[in-house]
Amino acid sequence: MLQSLRIRNLALLEEVELDFETGFTAVTGETGAGKSILLGALSLLAGARADKSVIRQGAPAVEVEAALFFPDSRKLDAALAALDLPLCDDGVLILKRSLPRDKAARISVNGGLATLTALQALGEQWIDFHGPGEPRRLLKEDCQRELLDLFAKNAAVLEKYQRHYRAWRELVDEHARLADAGKLSPDQIDFLKVQLGKIDELELTEEAVATLERDFTRHQSAQEIMQLATGLGEGLSGEDGLLGRMAALLRTARQLESLDAASKPLVDRLLSASVELGDIDGEFATLAQSLNFDPEQAAVLEAKMNTWLDLKRRHGSRLEQVIAARDEMRRKLETQGDIVGTLAKLEKQIAEARKAARQHAAELRETREKAAHQLAKAGGKLIAQLGFKKADFSVKLVSLPELGPQGDCGVEFLFSPNVGEPPLPLQRIASSGELARVMLALKAVLAEIDDVPLLVFDEVDANVGGEIGRIVGARMADIAEKHQVLCVTHLPQVAAQARNHFVVTKDQSGDRATVAIEPIHGSRKARVGELARMLGDRNAKSALAHAEELLKG
């Protein structure tokens with residue numbers, strides 16, 4: 001749920017910090033007061049594109065920030081991990097977006113920098129807009145199919161079908177690869193065998209390749225290493241070397257010790273240094289001797305390294321790419337023995353797999369057909385209550401020419417608001433008010449299964465009267481039992497049923513217009529006054545009495 005929202009310098013709004021509660025929240029205000037600012041801020045946090053004209057005049061930047069709480073954040077955390085963004089801390093998601101006038105925009109998610117694309121992907125996890133100009137998930141055919149499957153509880157049936165569909169497609173792809181490759185010539189077969197022989201000479205493991213590359217590097221530098229190690233040895237133990245001079249120094253130190261016993265610690269340290277230099281001289285000699293490669297051993301090492309470099313040039317620089325190429329070469333050789341027979345065997349397997357996939361697709365379609373009738377009936381009932389007495393709502397399955405990842409049929413939600421008119425796909429409905437109420441009816445039906453936590457409705461009360469408004473409000477309250485609902489409304493019958501209430505006001509008394517957003521749900525008097533204003537006159541006794549009745553309702 002949305003816990004808090006901070007907005008700075010958006011349109012006419014200078015700054016506001018709002019705290020939100022669960023359930024149904026109404027947003028009201030005079031026409032033109034700036035109610036869209038609140039929705040605009042949420043849109044920015046959901047990844048909507050915006051130009052710099054939304055920045056308040058004279059301000060350096062628009063800034064919006066929200067905190068959202070998820071009781072179970074596992075799904076959201078998976079999405080964050082996929083986007084390489086910090087996970088939620090105790091289920092809290094922090095979103096920030098800044099749109100400066102003279103610099104690049106900045107977006108952060110849980111403190112990590114994010115892209116607009118990432119913000120849009122996360123927006124689908126936490127908010128769903130219903131209103132003019134906003135993305136509406138229910139208009140997408142994929143979403144309609146997904147919701148029908150959720151309503152039908154098709155997860156297991158769909159997963160079983162997709163398993164058989166993938167098995168069928170893998171066989172089809174294998175057949176196509178083999179058919180395109182055709183029968184290899186003797187020269188091609190010999191080439192593959194030679195390549196496999198070279199690969200098999202190498203031990204294709206991470207450790208073995210690392211050892212090969214290390215030994216080869218040492219072998220290439222062996223001459224230089226030997227010269228350096230030998231030179232250091234000469235400097236230590238050769239003629240006029242450091243060890244010879246150290247012996248003379250030790251003799252002099254012994255004389256000093258015989259004259260002054262206090263110098264013994266210094267003499268002992270000089271002796272230790274002489275012993276250490278002797279050890280170092282021996283280790284340099286060992287290093288030089290260890291690099292004296294046997295010529296045959298060196299030739300084998302060079303041959304292996306040349307083979308490895310050639311394989312990387314041909315098949316890719318990574319070990320897994322070379323292994324994949326080896327496996328593909330083996331597969332090609334194995335199928336050459338009887339390519340015609342292999343293709344025939346694959347064709348039989350394809351036919352059997354396609355038959356199995358079709359059977360499971362038919363099972364999936366059957367569950368969808370049953371659920372489509374139930375969803376249309378439940379949705380149609382609620383749509384009728386929302387003012388469309390003669391409306392027609394149906395859920396249609398559309399046959400596909402071939403099996404697809406989601407089955408053998410698509411799903412289309414059809415609606416006709418008026419008697420005598422044929423139902424049309426939802427995306428072809430012209431009226432945003434009609435569309436919003438259809439969405440509201442479907443949301444009420446699907447509230448149990450749709451896991452988007454925040455639903456935002458705008459203009460759901462367009463073209464409806466008071467009685468229908470009361471029903472709209474009741475449906476909003478029903479949805480708010482499972483979701484957090486934010487509704488911009490002009491109807492007091494809707495606003496009165498909200499648990500929480502924000503009022504948007506515009507002040508033009510000064511040198512420039514300003515907008516303010518304030519919560520009034522803590523004051524019954526303020527709510528009665530706002531509902532009375534919506535009824536026509538905040539000072540009229542009849543309006544105030546009616547407002548009281550609505551709140552009691």
Side-chain angles (χ1 to χ4, degrees), residues 2 4-21 24-66 95-101 127 129-135 432-433 436 454-462 469 476 484-492 494-496 498 500-523 526-527 529-538:
L2 177 64
S4 62
L5 177 67
R6 184 175 70 87
I7 311 170
R8 292 187 63 192
N9 300 321
L10 179 58
L12 297 177
L13 181 67
E14 184 174 2
E15 183 170 8
V16 69
E17 292 189 23
L18 302 172
D19 292 324
F20 292 82
E21 303 294 336
F24 179 15
T25 298
V27 180
T28 64
E30 296 276 7
T31 300
K35 297 183 291 297
S36 60
I37 291 175
L38 183 57
L39 302 189
L42 292 173
S43 296
L44 287 173
L45 291 173
R49 297 188 180 277
D51 58 46
K52 298 186 178 183
S53 64
V54 301
I55 303 173
R56 185 171 179 266
Q57 188 65 33
V62 165
E63 295 177 5
V64 287
E65 177 181 344
L95 303 175
K96 296 181 182 180
R97 185 173 179 185
S98 173
L99 185 64
R101 194 180 296 278
I127 193 166
F129 291 95
H130 298 286
E134 297 293 353
S432 60
L454 175 59
L455 306 181
V456 178
F457 291 91
D458 189 15
E459 292 191 12
V460 293
D461 53 6
M476 289 283 184
Q484 188 180 28
V485 173
L486 184 65
C487 176
V488 175
T489 180
H490 295 281
L491 283 181
V494 174
N500 316 299
H501 195 158
F502 289 97
V503 171
V504 183
T505 57
K506 181 189 290 185
D507 183 1
Q508 302 192 71
S509 61
D511 294 336
R512 61 185 300 181
T514 59
V515 167
I517 305 174
E518 295 179 323
I520 62 170
H521 39 268
S523 170
R527 288 202 74 186
E530 174 61 11
L531 294 176
R533 180 200 65 76
M534 298 171 73
L535 287 164
D537 187 349
R538 69 171 64 249

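Scanning all heavy atoms of the two residues, the minimum distance from Leu44 to Ala50 falls at CD2-CB, 3.5 Å. Between Glu63 and Ser98, the shortest heavy-atom contact is CG-OG, 4.0 Å. Here the shortest heavy-atom pairing between Ala26 and Ala495 reads CB-CA, 3.9 Å. Taking all atoms of both residues into account, the shortest heavy-atom contact from Ala498 to Phe24 is CA-CD2, 3.4 Å. When every heavy atom of Leu531 is checked against every heavy atom of Pro492, the shortest pair comes out as CD2-O, 3.8 Å.
Considering CG of Leu491 and OG1 of Thr28, their distance stands at 11.5 Å, rounded to 0.5 Å. Atom CZ of Arg538 and atom CD of Glu530 lie 6.0 Å apart (nearest 0.5 Å). One distance of note links OG1 of Thr514 with CD of Glu15; it measures 13.5 Å at 0.5 Å rounding. Taking CZ of Phe129 as the start and CG of Asp458 as the end, the distance is 10.0 Å to the nearest 0.5 Å. Distance check: Thr25 OG1 to Leu454 CG gives 9.0 Å after rounding to the nearest 0.5 Å.
Under the 4.5 Å side-chain criterion, counting only non-hydrogen atoms from C-beta, Leu42 is in contact with Leu2. Val488 is not listed as a side-chain neighbour of Val504, based on a closest heavy-atom distance of 4.5 Å or more.
Residues satisfying the side-chain contact (heavy atoms from CB on, under 4.5 Å) criterion with Ala11, sequence neighbours excluded, are Ile37. With sequence neighbours excluded, no residue forms a salt bridge (Lys or Arg N to Asp or Glu O under 4.0 Å) with Glu21. Partners of Asp51 under the side-chain hydrogen bond (donor to acceptor under 3.5 Å, both in side chains) rule, at least two apart in sequence or in another chain, are Ser53. Under the salt bridge (Lys or Arg N to Asp or Glu O under 4.0 Å) criterion, Glu14 pairs with no residue at all, not counting sequence neighbours. Residues satisfying the salt bridge (Lys or Arg N to Asp or Glu O under 4.0 Å) criterion with Arg56, sequence neighbours excluded, are absent altogether. By the side-chain hydrogen bond (donor to acceptor under 3.5 Å, both in side chains) test, Arg6 is found to be paired with Glu65, residues two or more places apart in sequence or in another chain being considered. Remark: Asn9 engages no residue in a side-chain hydrogen bond (donor to acceptor under 3.5 Å, both in side chains) (not counting sequence neighbours). Under the side-chain contact (heavy atoms from CB on, under 4.5 Å) criterion, Ile55 pairs with Lys52, Ala59, Val62, Arg101, not counting sequence neighbours. Annotation: side-chain hydrogen bond (donor to acceptor under 3.5 Å, both in side chains) contacts of Asp507 (sequence neighbours excluded): Ser509. Under the side-chain contact (heavy atoms from CB on, under 4.5 Å) criterion, Gln508 pairs with Lys506, Ala513, not counting sequence neighbours.
The side chain to side chain contact (heavy atoms under 4.5 Å, CB included) with Leu5 is formed by just one residue from the set Leu45, Ile517, Asp19, Val16; it is Leu45.
Among residues at least two apart or in separate chains, salt bridge (charged side-chain N to carboxylate O under 4.0 Å, His left out) pairs with a member in residues 27-48 are Glu30-Arg533. Residue pairs meeting the ring-ring contact (aromatic ring centres under 6.0 Å, His included) criterion with at least one member in residues 500-519, sequence neighbours excluded, are Phe20-Phe502, Phe502-His521.
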Residue pair Val27, Leu39: steps toward the side-chain contact (heavy atoms from CB on, under 4.5 Å) verdict: CA-CA 10 Å; Val27 180; Leu39 302 189; over 6 Å; no

Derivation and outcome, side-chain contact (heavy atoms from CB on, under 4.5 Å), residues Leu38 and Ile7: CA-CA 8 Å; Leu38 183 57; Ile7 311 170; 4.3 Å; yes

